[in-house]
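Position 1 is the first residue of the sequence; numbering continues from there.
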Amino acid sequence: MSSPDYFANDSRTNRQRMLDEDFYIGDDPENARIAQKAIELSEQYRLAIIAGNAQAREILCELLGSFGADSYIKPPLSVDYGENLHVGDRTFINMNLVALDVAAIYIGDDCQIGPNVQLLTPIHPLAPIPRRDKLEAARSIRLGNNVWLGGGVIVCPGVTIGDNTVVGAGSVVTRDLPANVVAVGTPARVVKELDPEDTRLE
């Protein structure tokens, strides 16, 4: 069976379709160039941290779309492009973050991101033929302020997580979570509400 002309009368490049969160084919040379640069900068950052190089933060600022004051990412860090990953102020991200930033990923201020977390924006068609033809798209992920993702959490495409929310280790977040809750499981479900004014240690 022959494939349809998916982009008839659409003059946009595949890169522009990607940035518009529409379906595209991943053969754009500019995307390839940026992805290769992201690999190089991620490795330079890792090596700079190992060497105690004061320029490590500058490398990360070159890699990412934005990187807030007093934030830190413990390497290794894996991204698709880097330019679509935005990190707020005073946020700590532990080792082995996988941020597939085909669409934008926004991480707020004062967040705690555990090791081996995956933030996954890409989607693929369910229908066999366009999937075989390598079409893909992506949906943005947004984490509010003071969000805590436990180790191994997976956040799926298009998900928004509200301020102060905690997601338990190993959970898979497939839908939006409101602010001020604890959510656990696969798929993640709200199990507790949090008082944003609570000062107890527990």
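Counting heavy atoms from C-beta outward, Leu119 and Ile107 have side chains that approach closer than 4.5 Å. Within the 4.5 Å cutoff, the side chain of Cys156 has heavy atoms near those of the Thr174 side chain. Contact annotation: the side chain of Ser171 approaches that of Val184 to within less than 4.5 Å [non-hydrogen atoms, C-beta and beyond]. No side-chain heavy atom of Thr13 sits less than 4.5 Å from a side-chain heavy atom of Glu30. Put simply, the side chain of Ser140 reaches to within 4.5 Å of the side chain of Glu21, judged on heavy atoms. Residues Pro130 and Tyr6 form a side-chain contact, since some pair of their non-hydrogen atoms from C-beta on lies under 4.5 Å apart. Residues Leu143 and Leu149 have side chains in contact (heavy-atom distance under 4.5 Å, counting atoms from C-beta outward). Residues Asp28 and Met18 have side chains not in contact (no heavy-atom distance under 4.5 Å, counting atoms from C-beta outward).
With sequence neighbours excluded, the residues forming a salt bridge (Lys or Arg N to Asp or Glu O under 4.0 Å) with Arg12 are Asp10, Asp20, Asp22, listed by chain and number. Take Asp109 and apply the side-chain contact (heavy atoms from CB on, under 4.5 Å) test, not counting sequence neighbours, and it matches Asp89, Arg90, Asn145. Applying the side-chain contact (heavy atoms from CB on, under 4.5 Å) test to Ser66 and every residue at least two apart in sequence or in another chain returns His86.
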- Under the side-chain contact (heavy atoms from CB on, under 4.5 Å) rule, what do Ile73 and Leu64 come out as? Steps first, then yes or no, please. CA-CA 11 Å; Ile73 300 177; Leu64 302 185; 3.9 Å; yes
- Task: Please test Asp27 against Lys134 for side-chain contact (heavy atoms from CB on, under 4.5 Å), starting from the C-alpha separation and ending with a verdict.
- Result: CA-CA 10 Å; Asp27 63 356; Lys134 310 307 181 194; over 6 Å; no
- Message: Working note: Asn14 + Asn31, criterion side-chain contact (heavy atoms from CB on, under 4.5 Å); need CA distance, chi angles, decisive distance, verdict.
- Response: CA-CA 9 Å; Asn14 277 311; Asn31 279 347; 5.6 Å; no
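Between the CG atom in Leu41 and the CD1 atom in Ile39 there is a gap of 10.5 Å [rounded to 0.5 Å]. Note that CD1 of Ile25 is 9.5 Å distant from CD of Glu136, once rounded to the nearest 0.5 Å. For the atom pair Tyr72 OH and Leu60 CG, the distance stands at 9.5 Å (nearest 0.5 Å). To the nearest 0.5 Å, atom OH of residue Tyr24 and atom CD of residue Gln16 are 12.5 Å apart.
Contact between Val147 and Gly162 at its shortest, heavy atoms only, is CG2-O, 3.3 Å. Of all non-hydrogen atoms in His124 and Leu135, the two that sit nearest each other are ND1-O, 3.8 Å. Of all heavy-atom pairs between Pro157 and Pro122, the closest is CG-O, 3.2 Å. Val79 and Ala38 make their closest contact through CG2-CB, 4.0 Å (heavy atoms, listed as atom of the first residue, atom of the second, distance).
Distance alone, capped at 3.5 Å, places no donor-acceptor pair between the Arg17 side chain and the Phe23 backbone.
Within the structure, the side chain to side chain donor-acceptor pair (under 3.5 Å) test picks out the following pairs touching residues 149-170 (sequence neighbours left out): Asn146-Asn164, Asn164-Asn180. Sequence neighbours left out, the pairs with a member in residues 38-60 that pass side chain to side chain donor-acceptor pair (under 3.5 Å) are Gln36-Glu40, Glu43-Arg46.
The hydrophobic cluster containing Val153 does not contain Leu120, counting ILVMFWY residues as joined when their side-chain heavy atoms lie under 4.5 angstrom apart, directly or transitively. Residues Val190 and Ile161 share a hydrophobic cluster, clusters being chains of Ile/Leu/Val/Met/Phe/Trp/Tyr side chains in contact below 4.5 Å. Taking hydrophobic clusters as Ile, Leu, Val, Met, Phe, Trp and Tyr residues chained together by side-chain heavy-atom distances below 4.5 Å, Ile123 does not share a cluster with Val172. The hydrophobic cluster containing Trp148 does not contain Ile154, counting ILVMFWY residues as joined when their side-chain heavy atoms lie under 4.5 angstrom apart, directly or transitively. Linking ILVMFWY side-chain heavy atoms closer than 4.5 Å, directly or via other members, places Phe7 and Ile129 in a single hydrophobic cluster.
With a 6.0 Å radius and a threshold of 12 heavy atoms from other residues, nucleotides or ligands, Leu126 has its CG atom at or below the threshold. For Arg131, the CZ atom is densely surrounded, since the number of other residues' heavy atoms within 6.0 Å is greater than 12.
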Sequence neighbours excluded and cut-off under 3.5 Å, please list the side-chain donor-acceptor pairs for residues 97-105, or say none.
residue, atom, partner, partner atom, Å
Asp101, OD1, Asp80, N, 3.0
Asp101, OD1, Tyr81, N, 2.8
Asp101, OD1, Gly82, N, 3.3
Asp101, OD2, Gly82, N, 2.6
Asp101, OD2, Asn84, N, 3.1

